[in-house]
Structure formats: C-alpha cells, structure tokens
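All values reported here derive from a predicted model rather than from experimental measurement. Worth knowing before you read on, the calculation uses all heavy atoms, side chains too, and leaves out hydrogens, waters and symmetry mates.
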Amino acid sequence: MRPVPVPLATPQLEHALKARIAGFVSTLRANGFPIGVEEGLDALATAARIGVLERDAVRAGWRSLLCARVDEWRRFDALFDSYWLPANSKAWVQNDSSGAGRGAPQRSDSPQSGFAHSVFELGEAGGAPADGDTAREGASRAALTEEVSFANLHNPAQVRELEILVRTFARRVRRLKLRREHAQAAEQRIDLRRTLRASLAYGGTPLRLAFRGPRRERPRLVLLLDASRSMSLYSFFYLRLARALTGAVADTHSFIFHTRLTPISEALDDPDPWRAQERLRLLSAGWAGGTLIGESLRDFNRSHASRVLHSRTVVIIASDGFDAGEPGMLGDELGKIAGRTRRIVWLNPLKGRAGYEPTARGMQEALPHIDLFETGHDVHSLRRLLPLLQEIL
Amino acid sequence: MQTNGGHSQAIAQLQLAMQAAGYVAEPGVCAALFLLGELGRPLLVEGDPGVGKTALAKALAEVHGTSLIRLQCYEGLDVHHALYEWNYQGQLLAIKIAEARGTQSALDEDALFSEKFLLPRPLLQSISAERPPVLLIDEIDRADEPFEALLLELLSDFQVSIPEIGTVRARSRPMVVLTSNGTRELSDALRRRCLYLFLDYPSFEKELLILETRVPELPRVLGRQVVEFVQALRQIDLKKRPGIAETLDWAASLLRLGIPSLEGADVEDIMITLTALIKTRDDRLAVTPELVERLLAAC
C-alpha cells in the first residue's frame with residue numbers, strides 16, 4: 001500500500017483513502033469479481049478493523065472477503081499489486097496460498113498479470129505492438145495482451161442465418177432417443193412387470209397395460225474454441241456459433257483457450273449482445289496470442305472436466321492444431337477427454353482448403369481420438385456439419 | 001476510519017492459538033478467521049481433498065472453546081435431515097397412552113407439536129445453542145440446489161420457521177464454515193454471502209511444521225525426508241494427489257514398521273507403506289518401484 005505519512009486519519013487523508021479503496025473495489029468489479037455494495041462497505045470496515053498499515057493482513061482479509069472462487073483467488077494478488085504498488089515494484093508478489101502442488105510455476109509474464117495491465121494501464125502501454133515475425137499460420141508461446149474489439153460478435157446478417165441453422169439443429173437434438181429404455185405410458189412394447197402389478201387391482205386380469213419406450217436425454221455440448229492469433233480469421237465465427245448454440249441448446253458449455261483456458265458460457269449467455277461483447281472483452285486477455293493447446297486441455301481436465309463432462313457429452317474443439325506446447329501433451333490430454341465423453345469433434349478451418357493434409361504436429365496427435373473432423377468455419381460448411389453432428393450425438 | 005493497527009495483533013494471537021490447537025495456519029488463513037468473527041459472515045473453504053478444510057473448523061472450535069456441530073452434505077439432503085424432524089413414534093406413543101388413560105382432552109394438537117417432540121438436526125441445534133458453536137457444513141457442493149437455497153435463507157436471517165410452532169430465532173450466531181470440493185459449481189448468491197478461502201497444498205516448511213506438530217515422536221531426519229518425498233510425489237500427475245492427512249498416515253506407518261530413515265531403506269518396504277499415500281489403482285500402477293527409487297534418491 002502507498003506509504004502513509006505519520007499523522008494519521010486527518011479528514012482529507014481519510015477521504016482520500018476511502019476513495020482509493022472504493023477505486024480498488026471497482027477495479028476488481030471491472031475484472032469480473034462479483035462484488036456487491038455490501039462487500040464494498042465491508043472492505044472499508046475490514047481495512048479499519050485491521051489497520052491500513054498492515055499490508056499483508058489487509059491483503060489477506062480483502063482476498064478472503066472479495067474473492068468468491070478459485071480463479072479470482074489466484075488473480076487477486078496480481079490485481080492488488082498493480083493497484084496498490086508503484087509500477088516498478090511489481091515483483092513483490094508474495095503468495096502465501098501457493099505451496100507445492102498445482103505445479104504451474106508463477107511466471108512473472110503470465111497472462112494474469114498482463115490482464116491487470118490491460119485494465120489499468122490502458123492507453124499508456126497501448127498493447128504490445130504486434131511483432132512481425134509471428135506468421136498468421138503457426139503458433140507462438142507468447143501471450144499477447146492486446147485489446148480486441150468484439151464489435152464483430154454481433155454481425156446481424158450473418159448471425160441471423162447462423163441462428164436459423166442452429167435452431168433447426170437444436171430442435172432436432174433437444175430430445176435425443178437413447179437405446180436404453182425406461183418405463184413409459186404410451187408406446188409399443190409392453191412392460192410386463194408393471195402390467196402384472198396393475199392387474200392386481202382387477203383380480204389378476206391385465207385390463208390396463210403398461211408400456212416401455214426409449215429413454216430420452218438431452219445431449220450436452222462442450223465447445224473449446226482456439227482464440228490464438230493463427231485462428232484470428234475464424235475465431236469470431238466460431239464464437240458466434242457458440243453463442244447461437246448456447247442460446248438454442250440448453251446444455252452447452254463454452255471455453256476459449258490460447259495460452260490458458262477461460263470459461264465463457266456466462267458471458268455468451270448474456271441476452272444483451274452488447275453486454276456480452278463487453279464481458280468477452282474483459283475476458284479476452286491474451287486473445288490472438290500464442291497457442292498452448294495441450295496445456296489448455298490439461299487445464300480443462302484439471303479444473304472443469306469433472307464438472308462438465310459426462311457420458312453423453314460431445315466435445316467440439318475448434319482449432320487449427322498449431323500447438324507450441326510440449327509434444328505429446330495434446331494427445332495425452334485429448335485421450336483423457338475421449339475416455340470420459342461420447343464423441344470428440346474437431347473443427348479445423350484449414351481443412352476446407354484444397355490439398356490440406358493434417359500434418360501439423362498437434363493435428364497428428366489429435367487425430368486418433370477424433371470422431372468427426374470437419375471445417376465448420378462458415379455458414380456453408382455448417383450446413384453440412386450440423387446433420388453429421390446430429391447423427392453422432 | 002481508524003487507521004492505526006491493533007487488530008493485526010489479534011490475528012497474530014489467533015495464529016498462535018491455532019498452532020496450539022494443532023493447526024498450522026498462515027497469516028492469510030488467520031485473517032480470514034478473524035474476519036469470520038468480526039463480520040459474522042460464513043466462511044467458504046475450497047481446495048483439493050486432504051488439504052485441511054475440515055480440520056480448520058475443528059481447530060477453530062477448539063480455539064474458541066465451543067462445540068463443533070457438523071453437517072455432512074450428500075445428494076438428496078433435505079429439511080428433515082438438516083433442520084428438524086418431528087418425533088412421530090413419540091407422538092404416536094403419546095396418543096396411545098392418552099387413549100389408554102382416557103385423558104384425550106388433555107392431549108391437544110399444541111401438546112403434540114411442542115418442543116418435546118421436536119428432534120433438532122444440526123442446523124437447528126447450531127442456532128439454539130447458548131454459546132455460539134462452530135457449524136461445519138461439510139462438502140456443500142454435494143447437496144443439491146434446493147438445500148443451498150434453504151441454507152442461504154438460514155445464513156442471512158439466522159432464524160427458522162417451523163409451521164407448527166412458529167419462528168425460532170437464533171439464541172447465538174454460530175460461526176459457520178462451509179467446505180467444498182468443487183464437484184458442483186455453487187450459486188453466486190451463496191458465494192457472495194461468504195468469505196472465501198482457498199487452501200492449496202502446503203509448502204515444504206508448512207508441511208514439515210504440521211508433521212512435527214501432529215506426529216511429535218517422528219525423528220527429524222525422517223520427517224524432512226517424508227515431506228520431501230510427498231512434495232515430489234505431488235508434482236507427478238496423479239489422479240488423487242496425496243493430501244496432508246495422507247502424509248501424516250504415511251509417517252505413522254513408517255514409524256510403525258520401524259523404518260528409521262528413507263535413505264538406504266529397502267524399496268520393497270517403502271512400496272508396502274505406499275498404501276497410505278496412493279489411493280487409486282491407476283496411481284498405484286503409475287508409481288513404479290523405479291520411480292520410487294528415483295524419488296528416494298532425491299530425498
């Protein structure tokens with residue numbers, strides 16, 4: 001925290017401090033922390049009770065008060081430092097909550113801290129200039145933190161066509177028939193057990209028949225969208241597809257990944273398209289940067305898979321397969337996902353090109369696990385994809 | 001606003017008290033516990049299994065010298081198991097007795113639905129105690145959403161309405177600790193109402209301190225080796241990574257088998273004791289004698 005001069009709690013100082021703390025709270029809010037008015041007041045009360053000079057204690061208290069989930073907990077320190085510390089003492093991250101375990105070493109240039117930058121030093125830094133050596137095809141390890149306009153998300157003409165397609169698809173898959181059966185009132189096959197039970201009421205004469213029919217279940221879609229630079233031409237279309245699917249198929253979960261993985265279902269689900277754009281913009285740290293597909297999938301397996309995947313899930317991955325991560329990890333992690341789900345669909349926008357061969361290492365590793373390999377990068381190819389998808393659900 | 005400290009001392013004292021209760025807590029954890037008392041908000045503790053979420057609540061109860069009321073959540077947990085239930089057998093018996101005595105007029109509905117026949121379950125117990133107890137709601141993520149809503153109501157007003165009796169107000173506000181393993185995403189409303197604490201696997205120093213606190217008879221050298229081995233094991237991609245409880249178990253089983261040091265110990269002997277650390281078949285297959293040998297050499 002800023003060094004406070006010795007005579008404490010003059011009215012001006014108190015006012016300035018309160019304003020500064022309120023500023024911190026609204027910074028956290030801007031970074032997606034769900035903080036209500038009450039928590040804001042409690043943050044002031046906490047500072048007063050612990051004493052604002054006790055930096056570590058205040059930090060710990062606020063972290064406990066203002067965070068509500070793990071990703072916020074992990075981001076908090078970086079945000080705290082970038083707000084309260086002078087710019088040149090960034091290295092002061094002292095995270096007592098991290099021990100051994102989780103594995104991922106704290107990289108000082110991790111996307112998290114970059115995230116804080118993009119919010120606070122907007123205009124000053126102006127986003128890292130695009131380094132020219134990163135080809136549009138191909139992957140880099142660098143996380144880039146440039147602001148991206150999400151205005152493209154809501155492109156009325158294209159969106160309408162897309163939505164019509166998706167709605168038809170959704171109507172068809174909404175109720176999926178399974179081969180497994182459950183007891184049902186009006187179908188062809190007689191359920192003997194329940195028929196006999198019902199006959200008791202009529203002295204053993206089976207007057208009322210009970211029937212069996214196929215069980216119905218909603219399929220679940222999980223979308224993992226590559227948002228790295230090599231995909232920048234296509235990622236907006238896939239994002240639109242994700243938004244349309246989220247609106248039409250109830251059980252859809254979406255994530256974007258580049259060098260790390262971020263859940264975006266909530267942002268996409270926002271009924272107001274403009275607000276959805278705004279929320280995505282906040283989530284977009286590292287958008288159009290490098291690609292670590294394997295590590296992103298590992299993230300997914302560790303933090304989300306147990307909650308999101310079940311045996312009727314179809315995982316749809318949209319990526320060109322240019323992976324800059326460790327060789328072998330993509331295949332391993334995808335194998336783990338394959339073991340827990342029904343199908344894996346890989347959408348590669350490059351597949352539509354004449355003479356395309358899946359030679360990229362990432363694609364090579366992924367191919368053994370893929371059930372359906374398609375393009376799906378424009379409305380035309382979607383028209384072909386959706387019926388295929390419906391078949392394998 | 002009061003800007004001079006003073007409560008930071010209270011936090012330091014809390015840390016010492018927790019240590020005395022056998023729980024090694026960092027200042028960050030203690031600050032959260034301090035706020036739990038000061039702001040009267042429930043504390044939501046998340047983290048992998050075996051990092052000491054439940055032990056935290058137990059130690060907290062010991063520090064404050066109150067009782068610990070524990071509610072283990074499971075799918076399908078409902079009002080009757082969490083809040084209160086009528087003692088139906090008792091009521092039937094009372095009716096029968098009244099019939100036999102012929103004093104039916106004395107037994108009206110009010111008498112049947114009185115506190116005499118009310119079986120308080122953990123939530124009701126916790127708000128009707130004289131001294132504020134520590135209420136531990138374990139694995140809240142396993143309960144379903146209707147229960148979460150019920151809990152939300154209780155935690156905001158600290159009162160329960162029982163239709164037959166009326167509203168029962170809290171005599172004392174319990175200190176509420178919720179734990180979650182993340183099998184289900186909790187609602188934002190619940191998260192927002194709670195203080196939040198994320199417990200990660202402990203650092204080397206912390207785990208060693210825990211080991212020395214909980215298993216004081218363990219030789220120092222063996223303790224260091226045990227912690228180093230477990231910390232190395234956590235870096236491997238296991239399905240179920242060993243938590244602190246597993247470390248304690250393993251240290252105890254090494255003691256019991258009379259293995260004085262991991263250095264120069266027979267790998268076969270170590271493999272036998274690993275049942276205390278490795279809890280799934282896949283992990284068991286992944287941890288081969290060669291791997292153990294390599295890890296032991298690094299200790």
A side-chain contact here means heavy atoms from C-beta on lying under 4.5 Å apart; do B:Leu35 and A:Arg49 qualify?
no
So CH2 of A:Trp73 and CG of B:Leu199: to nearest 0.5 Å the spacing works out to 7.5 Å
Region of B:Leu186 that comes under 4.5 Å of a non-hydrogen atom in chain A
backbone
What do you reckon, is CZ of B:Arg214 surrounded by more than 12 foreign heavy atoms closer than 6.0 Å?
no
Salt-bridged, B:Asp200 to A:Arg74, with N to O below 4.0 Å?
yes
Supply the atom-to-atom distance A:Asp56 CG to B:Ile11 CD1, rounded to the nearest 0.5 angstrom.
10.0 Å
Show every donor-acceptor pair shorter than 3.5 Å between a side-chain atom in residues 36-43 of chain A and any protein atom, with sequence neighbours excluded, or say none if there are none.
unit_1, atom_1, unit_2, atom_2, d
A:Glu39, OE1, A:Gly36, N, 2.9
A:Glu39, OE1, B:Arg192, NH1, 3.1
A:Glu39, OE2, B:Arg41, NH1, 3.3
A:Glu39, OE2, B:Arg41, NH2, 3.4
A:Asp42, OD2, B:Arg41, NE, 2.8
A:Asp42, OD2, B:Arg41, NH2, 2.8

To the nearest 0.5 Å, what is the distance between CD (A:Glu266) and CG (B:Asp188)?
6.0 Å
Region of B:Glu46 in contact with chain A, defined by heavy-atom distances below 4.5 Å
side chain
Sort B:Leu197 into side chain, backbone, both or neither according to what part of it lies under 4.5 angstrom from a heavy atom of chain A.
both
If you compare all heavy atoms of B:Tyr196 against all heavy atoms of A:Val70, which two are closest, and at what distance to 0.1 Å?
OH-N, 3.1 Å
Please report the interatomic distance CG(A:Leu65) to CG(B:Leu43), rounded to the nearest 0.5 Å.
11.0 Å
Any non-hydrogen side-chain atom of B:Leu44 less than 4.5 Å from a side-chain atom of A:Arg69?
no
Any side-chain heavy-atom pair from A:Ser64 and B:Leu36 closer than 4.5 angstrom?
no
Which pair of heavy atoms, one from B:Ala31 and one from A:Ala60, lies closest together, and at what distance?
CB-CB, 3.6 Å
